[in-house]
Trainee: 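Quick one: the structure is below, questions incoming.
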Amino acid sequence: MRGDLPSREPALFARWDSEDLYAQIRRHSKGRPTFMLHDGPPYANGQIHLGHAVNKILKDVIVRSRTLAGFDAPYIPGWDCHGLPIEIAIEKKFGKVGDKLDAKAFRQKCREYAASQIDVQRTDFKRLGILGDWENRYATLDFKYEADEIRALAKVVENGHLDRGVKPVYWCFDCGSALAEAEIEYADKESPAIDVAYPARDPANIAEAFGVALPAGTEIAVPIWTTTPWTLPASLAVSLAGEVEYSLVEGPARNGSPRWLVVATKLAERALQRYGIESPVFLGQVPGERLRGMELLHPFYVDRVLPILIGDHVTDEDGTGAVHTAPGHGQEDFQVSQANGLVKQYSAAELNPVDGRGVYLPSTRPAGDFALAGQHIWKAQDGIIDALKTNGTLLAAAKLTHSYPNCWRHKKPVVFRATPQWFISMEKGGLRKDALAAIPGVHWYPAWGEQRITGMVEGRPDWTISRQRTWGVPIALFVHRETGEPHPDTVALMEKVAQRVEAEGVDVWYELDAAELLGDDAVHYEKITDILDVWFDSGVSHQCVIKARGYDLPVDLYLEGSDQHRGWFQSSLLTSVAIDKQAPYKQCLTHGFTVDEQGRKMSKSLGNGIEPQEIIKTLGTDILRLWVASADYSNEMSLSKEILKRTADAYRRIRNTARFLLGNLDGFDPAQHAVPAAEMVALDRYILQRSAEVQSKIEAAYANYDFSDVVQLLMNYCSVELGAMYLDVTKDRLYTLQENSPARRSAQTAMWHIAQAFVRWITPILAFTGDEMWQFLPGEKVDNVMFSTRHAALDAFMDGDTVNAAEFDALMAMREQVYKTLEPMRAAGEIGAALEAEIEISAPSDVREWLTPMQDELRFLFISGDVTLTAGQEKGLGVLARPTTKPKCIRCWHRQSDVGTHAAHPELCGRCVDNVDGAGETRRFF
């Protein structure tokens, strides 16, 4: 009953492996409608953890359930292999490129490392019982995949979505590369929060805009508020909101001279309090639009003139209502500056004076007396603030803890840096519009997923797809040395490159002489050596795996963790829309993360982590699979040793039900012994009707991915329909009637149908137990449960003519009423088992009419002494019980008056004598 899963499962798995079970399932499923769940690739680095197990088990439950539902449901597992973590692993061992290895040798070491990690993870995934095409898995490092990725990029280029330019992108100093949105996570950071006054170049002009006269010697300034003082050397403008009202107010003096400030009216009092002014004096108000184009001076580069711009990103919710604008260090800053023709007026070093390590360029001018060149930006901030204080432009300074973007790998703050990059444009070619139009056509599980990804696509910037690293798929473009434009035959050239990559891998790109493809044109073009963002790698798997292997798009389902709306779900959506003008999936399902029973994230430091390998070793895979299916995976999934203990208890309930069914089918051959439905005992027809109803609900729950509902339905069925009623009632027929008695064979027929359905219900979740149970089922059958489909024979019992369900529901309620009547007697010690009590039921005439034919058999339903019927009230039932004085039959344990009246069997009741020596007992109802 315990199952001994840790020792049984490996033997079952070894058989699956030796028999190539997956390939056999494909042969048995050939010709059926296809259901394709596309596997999002885990990263090939390190042993699998509980999150991996949850993801893969959920996928396997779906693939198995769809297979048993009559679909051809292939599963092609995959791995994501390029990217920084593997690069770092190789750098730790061999140093950076050029130290001990050249770039080609370095890439080969990365490839070998990734392949070894795939082998480690594949072994663990298979031990989870995951059925898949493990020998033909996909990996983004495969030459064919890399080639198809270049082909996918060519289609993006052909459809007009690729862009190149100097734009601010997330940059990690530790990675030394641009990052994508999906590689950003947020954490609290303490930053200096400062208010800085930008003096007006012509204060009288601004005073005139407010309709006031400017006293001699009075300065006017526009204060900004920022938490990134390091960006001030790149400040090229100040942005206001066009429709927001701004006030001219008296501010603190500068070096003894009066100073007026321009502040958003709504924020003026709060800002002036920061500046030490408790009673502000308002001199005039104008909308921000009135100040457009007026000029300010940089707070420490006094020769730099900064225009006032009007930007949609500016609000009067916080700060001063004015935003210092550094187009090289902010996306919105860049957009408003570019729209006003500001970007092209400055050199690249002025737009972005910070190198890839986070250090100011040698050409960076000092802030007052503070030298910036060669300083790291985080260390330079105090010096910048001191320079502002010295020249009188610092109005206020404080510390602020706020949410700040971090690199998801290094857990360190990132910045925006304007660098030359390749982008997939969200606007060029209408990608944003088309992606938003595709989202509602997808069925999102849970439903809030639609709103979440819609918001992300609506607000996301252009997708930076270039990376300045070694290990990855190259952006295989030739660009003109002067114009920077891709070669006019780019799409055809990329196909030629892809053919070479398919044969030899990406190294051929770096070794390629451009003249081989471009001829005399080669002198005018240069190869791009940037690699593609890893989210593009995995994002085009719908092309490189699904379409490349001959399957149709869109696939039926993508399933990943709830963080993938900003990751793989989104990168797949954008690339699919860019290439095929459609979403790559019909349905998109997310699951939550694993936490302990107190809701805390599992971690080594807290000591609350539970590894899947530990669960498998101590309890078995099927216990882990049952926990995954039982949990509400749409939210965080709690796990602890106590939860696993409860899961093991639930497993034993299911296993014991299977054991009881199989044990009572011993000697039953359905071909010889099955009883036609019309000749079955009524209770058997009733339980099969109930089983058909349960089957319908379980199949619907599987189809809707409601696995916790499946488990609940299974547990209720085992405990209520079977355990608390049917299996208990039928023991008498199974154990006391003659072997070939029609009533006994009727019960076995019902149990055979139940077992046939039950094994299919549990197999998607309890993969090993379902296989084990299948081996013991009697009758002709295919070699493995996974070669079968649903047990359709149950459907015949859904017909209302099979049994009067209303009468049987009333009988079940009557049975409960009898037990409630007997319970006080048992508690008082008047009786032990219900067999020691005789029952009297008083009922209305219409109830007695249908009860009377079954009166003699009611004792078998109640598992009680004799039952008598009497006239009762017009409505309701009356139940009376009294201890019986009749002797006990030692064979069936029933109390009957005829025990002792048969000389040959003095300790048996009459029906047992008939079952032993006579023609045998007849049962119609129970």
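In this chain, numbering begins with 1 at the start of the sequence shown.
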Trainee: So among Gln564, Arg460, Arg452, which one has a side chain to side chain donor-acceptor pair (under 3.5 Å) with Gln570?
Mentor: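 In the set Gln564, Arg460, Arg452, the residue that makes a side chain to side chain donor-acceptor pair (under 3.5 Å) with Gln570 is Arg460.
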Trainee: Applying the ring pair (Phe, Tyr, Trp, His ring centres under 6.0 Å) criterion to Trp568, which one of Tyr43, Trp535, Tyr558, Phe536 satisfies it?
Mentor: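 Result: among Tyr43, Trp535, Tyr558, Phe536, Tyr558 is the only option passing the ring pair (Phe, Tyr, Trp, His ring centres under 6.0 Å) with Trp568.
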Trainee: Considering non-hydrogen atoms only, spot the tightest contact between Pro405 and Ile184 and give its length.
Mentor: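 Taking every non-hydrogen atom into account, CB-CG2, 3.6 Å.
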Trainee: Classify the angle between the aromatic ring planes of Tyr445 and Tyr705 as parallel (below 30°), tilted (30 to 60°) or perpendicular (above 60°).
Mentor: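 If you compare the ring of Tyr445 with that of Tyr705, the planes turn out perpendicular.
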Trainee: Would you say Thr789's side chain and Gly70's backbone share a donor-acceptor pair under 3.5 angstrom?
Mentor: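 Judged by distance alone, no pair lies under 3.5 Å.
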Trainee: Establish, yes or no, whether a centroid distance under 6.0 Å links the rings of Tyr633 and His591.
Mentor: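 Not close enough - the centres of the two rings lie 6.0 Å or further apart.
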Trainee: Among Val120, Leu128, Asn55, which one satisfies side-chain contact (heavy atoms from CB on, under 4.5 Å) with Ile48?
Mentor: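 The option that passes is Leu128.
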Trainee: Could you grab the distance from atom CD1 of Ile130 to atom CZ of Phe125, nearest 0.5 Å is fine?
Mentor: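 Those atoms lie 8.0 Å apart.
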Trainee: Once you round to the nearest 0.5 Å, how far does CE of Met786 lie from OG1 of Thr67?
Mentor: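 It is 4.5 Å, given to the nearest 0.5 Å.
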Trainee: Which heavy-atom pair separates Asp60 from Gly129 by the least distance, and what is that distance?
Mentor: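 What the structure gives for the nearest pair is OD2-O, 3.2 Å.
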Trainee: Assign the ring pair Tyr585 / Phe569 to parallel, tilted or perpendicular, where the plane angle (0 to 90°) is split at 30° and 60°.
Mentor: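 Tyr585 and Phe569: perpendicular rings.
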Trainee: Ring of Tyr75, cation from Lys59 - is the NZ or CZ under 6.0 Å from the centre and inside 45° of the axis?
Mentor: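 So Lys59 doesn't make the cation-pi contact.
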Trainee: Identify the heavy atoms of Val442 and Trp444 that sit nearest to each other, and give their distance.
Mentor: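 Scanning both residues, the minimum pair turns out to be O-CD1, 3.1 Å.
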Trainee: Classify the side-chain pair Asp537/Thr140 by whether it contains a donor and acceptor separated by less than 3.5 Å.
Mentor: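 No, no side-chain donor-acceptor pair sits under 3.5 Å.
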Trainee: Could you report the tightest heavy-atom contact between Arg32 and Asp72, atom names first, then the distance?
Mentor: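 That would be CB-N, 3.7 Å.
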Trainee: Is NZ or CZ of Arg64 both nearer than 6.0 Å to the six-membered ring centre of Trp16 and within 45° of the ring axis?
Mentor: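 Yes.
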Trainee: Between Ser572 and His542, do the side chains contain an N or O donor and an N or O acceptor separated by less than 3.5 Å?
Mentor: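 Distance-only check fails for Ser572 and His542.
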Trainee: Between Arg432 and Glu458, is the closest basic N to carboxylate O distance under 4.0 Å?
Mentor: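 So Glu458 does not pair with Arg432 through a salt bridge.
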Trainee: Would you give the length of the straight line joining atom CG of Leu50 to atom CG of Leu624, rounded to the nearest 0.5 angstrom?
Mentor: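 It is 6.5 Å, given to the nearest 0.5 Å.
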Trainee: How many angstroms lie between atom OG1 of Thr464 and atom CG of Asp533, to the nearest 0.5 angstrom?
Mentor: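 Rounded to the nearest 0.5 Å, the OG1-CG separation comes to 8.0 Å.
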Trainee: For Gln421, which of Lys167, Gln468, Arg164, Arg467 qualifies under side-chain contact (heavy atoms from CB on, under 4.5 Å)?
Mentor: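 The option that passes is Gln468.
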Trainee: Check the side chains of His565 and Thr590 for a donor-acceptor pair under 3.5 angstrom, ignoring hydrogens and angles.
Mentor: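 No, His565 and Thr590 have no side-chain donor paired with an acceptor closer than 3.5 Å.
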Trainee: I'd like to know if Asp17 pairs up with Lys126 as an ion pair, taking the criterion as any Lys NZ or Arg NE/NH1/NH2 lying under 4.0 Å from an Asp or Glu carboxylate oxygen.
Mentor: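 Result for this pair is yes, salt bridge flagged.
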Trainee: May I ask you to decide whether Asp580 forms a salt bridge with Lys155, counting only side-chain N to carboxylate O separations under 4.0 Å?
Mentor: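 Here Asp580 does not pair with Lys155 in a salt bridge, since their nearest N and O are not under 4.0 Å apart.
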Trainee: Can any side-chain N or O of Tyr404 pair as donor or acceptor with the backbone N or O of Val414 at less than 3.5 Å?
Mentor: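 Yes; judged by distance alone, with no hydrogens or angles, the pair exists.
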Trainee: Are Trp463 and His161, when compared by the centres of their aromatic rings, separated by less than 6.0 Å?
Mentor: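 Not under 6.0 Å, so no.
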Trainee: Are any of the side-chain nitrogens in Glu19 or Arg27 under 4.0 Å away from the carboxylate oxygens of its partner?
Mentor: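 Arg27 and Glu19: not salt-bridged.
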Trainee: Using a distance-only test with no angle check, is there a side-chain donor-acceptor pair under 3.5 angstrom linking Tyr113 and Asn45?
Mentor: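 Judged by distance alone, the side chains do pair up.
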Trainee: Just how far is it from atom CD1 of Ile698 to atom CD of Gln712, taken to the nearest 0.5 Å?
Mentor: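 Output value for this atom pair is 11.0 Å.
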Trainee: Is it possible for you to check whether Arg500 lies under 6.0 Å from the centre of the six-membered ring of Tyr510, through NZ or CZ, and within 45° of that ring's axis?
Mentor: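 Cation-pi check for Arg500 and Tyr510: fails.
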Trainee: At what distance, to the nearest 0.5 angstrom, does OG1 of Thr594 lie from CD1 of Ile610?
Mentor: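 Reported value, rounded in 0.5 Å steps: 9.5 Å.
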Trainee: Let me see the working for Thr470 and Arg107 under side chain to side chain donor-acceptor pair (under 3.5 Å), right down to the final yes or no.
Mentor: CA-CA 7 Å; Thr470 305; Arg107 281 190 290 271; 5.6 Å; no
Trainee: Asp632 side chain to Ser634 main-chain N or O, any donor-acceptor pair under 3.5 Å?
Mentor: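 A pair under 3.5 Å: yes.
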Trainee: Below 4.0 angstrom, N of the basic side chain to O of the carboxylate: do Asp148 and Lys144 qualify?
Mentor: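 Yes, charged N to carboxylate O under 4.0 Å.
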Trainee: Charged N to carboxylate O below 4.0 Å: is that the case for Glu9 and Arg625?
Mentor: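 Salt bridge absent between Glu9 and Arg625.
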Trainee: Salt bridge check, Arg137 against Asp142: does any charged N sit closer than 4.0 Å to a carboxylate O?
Mentor: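 Looking at Asp142 and Arg137, the cut-off is met.
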Trainee: What residue among Gln543, Gln499, Glu146, Glu495 forms side chain to side chain donor-acceptor pair (under 3.5 Å) with Arg151?
Mentor: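 By the side chain to side chain donor-acceptor pair (under 3.5 Å) criterion, Arg151 pairs with just one of Gln543, Gln499, Glu146, Glu495: Glu495.
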